Amino acid sequence: MLFKLKIVYHWLCIKWRGSFSDRTALEQHQQKHLDAFANEVLTKSRFYAPYRVNGKFLWESLPQITKAEFMENFDAINTCGIKKEEAMKLALESEKSRDFKSEINGITVGLSTGTSGKRGLFLVSENERAKWTALVLSRVIRPQLFRKQKIAFFLRANSNLYASVQSALFEFHYFDIFKPIETLLSELNAFKPDVVAAQPSVLMDIAAEMKSKKVQISPKQIISFAEVLHESDKAFLFSTFAVPIGEVYQCTEGFLGYSCKFGTMHLNEDFIKVDKEWIEQDKFYPIITDFSRSSQPVVKYKLNDILQVKESPCPCGTSLIGIEKILGRDDDVLIFGHTKIYPDLIARRIALVCDEFSNYSIIQTGAKALEVQIDCGQNDFETLSKNFDQAIIELLNEFVITGVKLNYKHQVMRNPGSKHRKIMRSTWE
Ligand SMILES: [Zn+2]
């Protein structure tokens with residue numbers, strides 16, 4: 001019961017604060033919470049405590065870190081005295097047994113594999129879980145009056161983080177994406193969800209089965225997370241489900257953003273300070289400091305996602321920064337000499353020639369080589385590959401890139417349960 005009360009408490013705090021229509025008020029809020037975070041949390045971290053000089057943390061002197069450094073310094077960074085070795089052992093055991101109640105001294109331990117396939121460990125306390133849940137409930141899930149909302153959540157691991165909310169208002173059902181898709185679909189049919197939350201590749205599978213009438217559900221809301229949702233897939237999902245497709249920007253490091261009712265992705269700057277490392281005029285790598293965390297501080301942590309800023313203000317009126325697009329991960333960008341082609345651009349060009357078809361992967365396998373994997377199903381492979389050829393060559397020509405070899409494969413390589421990357425660069429260098 002205490003846990004539910006905590007959720008209600010945090011939910012009320014978020015509602016009471018409102019949506020920060022004033023940027024100055026938002027920045028004051030950030031500063032106040034950053035100071036409290038430094039004094040109450042960073043002082044307990046062996047890694048960060050030495051940066052306190054004369055009772056004050058000098059933010060400028062705190063190091064910027066990457067995922068690799070974060071994992072390397074796991075023991076010193078976390079404030080719970082948890083050792084990486086011990087946490088990893090526990091997380092791997094629960095991953096194998098598919099029993100996800102792994103805790104050390106009341107702290108949930110979770111394992112994540114990012115799209116890079118590198119393993120990460122995360123620690124979450126009960127209070128942090130309550131905060132996370134309150135934020136999801138207040139920002140993402142649209143409430144319905146007088147009806148319990150059934151939420152189908154497709155995940156690779158059922159961490160306590162996600163499975164904790166059952167109440168009079170919500171019923172969560174976890175779908176293990178390591179199970180065969182047929183099993184998942186029949187479970188989904190039986191559950192009849194109001195909300196379906198999954199990564200885009202899983203949503204696309206469900207949508208395809210909806211079209212062939214193998215799945216008959218009528219959700220009121222679709223939520224996409226964990227992979228980049230390309231415009232063409234979003235349009236296909238919308239045409240299938242005929243309901244809003246919400247986007248959540250969530251990674252191991254936290255719940256970073258959500259799409260408002262006008263479809264703009266806003267970063268949760270009332271919980272996270274976002275510094276920007278600019279790549280181009282409107283594109284940046286986010287460097288995040290999550291001042292809502294306590295068990296495992298995330299400070300000046302550089303993500304390798306590339307975000308594009310939305311230039312015009314969003315009609316919803318919030319001063320939380322708007323993101324035009326998540327352009328994909330750094331290693332999803334194709335590189336030819338000094339020229340970069342962003343994954344989103346390629347996906348849009350393919351969508352133009354291939355209509356609703358989307359089951360493909362384009363992988364840069366060499367300095368001048370692309371492998372195009374196509375799962376053509378009922379479609380004709382010859383015609384599809386010709387269309388792909390046309391779209392890709394046209395795009396390369398526009399960038400004055402010549403001599404690129406395209407190698408076509410009849411099948412999309414996908415590991416069950418892993419994140420699907422439509423466009424990526426393999427490490428041949
Ligand atoms: Zn908005």
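FYI, the numbering just counts along the sequence from 1. Note that this is a predicted model, so its numbers are computed, not measured. Just follow the structure's listing: the first ligand is 1, and inside any ligand the first atom is 1.
For E231, the side-chain hydrogen bond (donor to acceptor under 3.5 Å, both in side chains) test picks out no residue, with sequence neighbours left out. Under the salt bridge (charged side-chain N to carboxylate O under 4.0 Å, His left out) criterion, D194 pairs with R147, K220, not counting sequence neighbours. For S61, the side chain to side chain contact (heavy atoms under 4.5 Å, CB included) partners at least two apart in sequence or on another chain are Y51, L58.
Taking a cutoff of 4.0 Å between a charged side-chain nitrogen and a carboxylate oxygen, E269 and K273 do not qualify as a salt bridge. Using a 4.0 Å cut-off between charged side-chain N and carboxylate O, R139 and D270 make a salt bridge. Between D275 and K300 there is no salt bridge, since none of the side-chain N atoms of the basic residue sits less than 4.0 Å from a carboxylate O of the acidic one.
Take a cut-off of 2.8 Å around the Zn ion (ligand 1): the protein N, O or S atoms inside it are C260 SG, H266 NE2, C314 SG, C316 SG.
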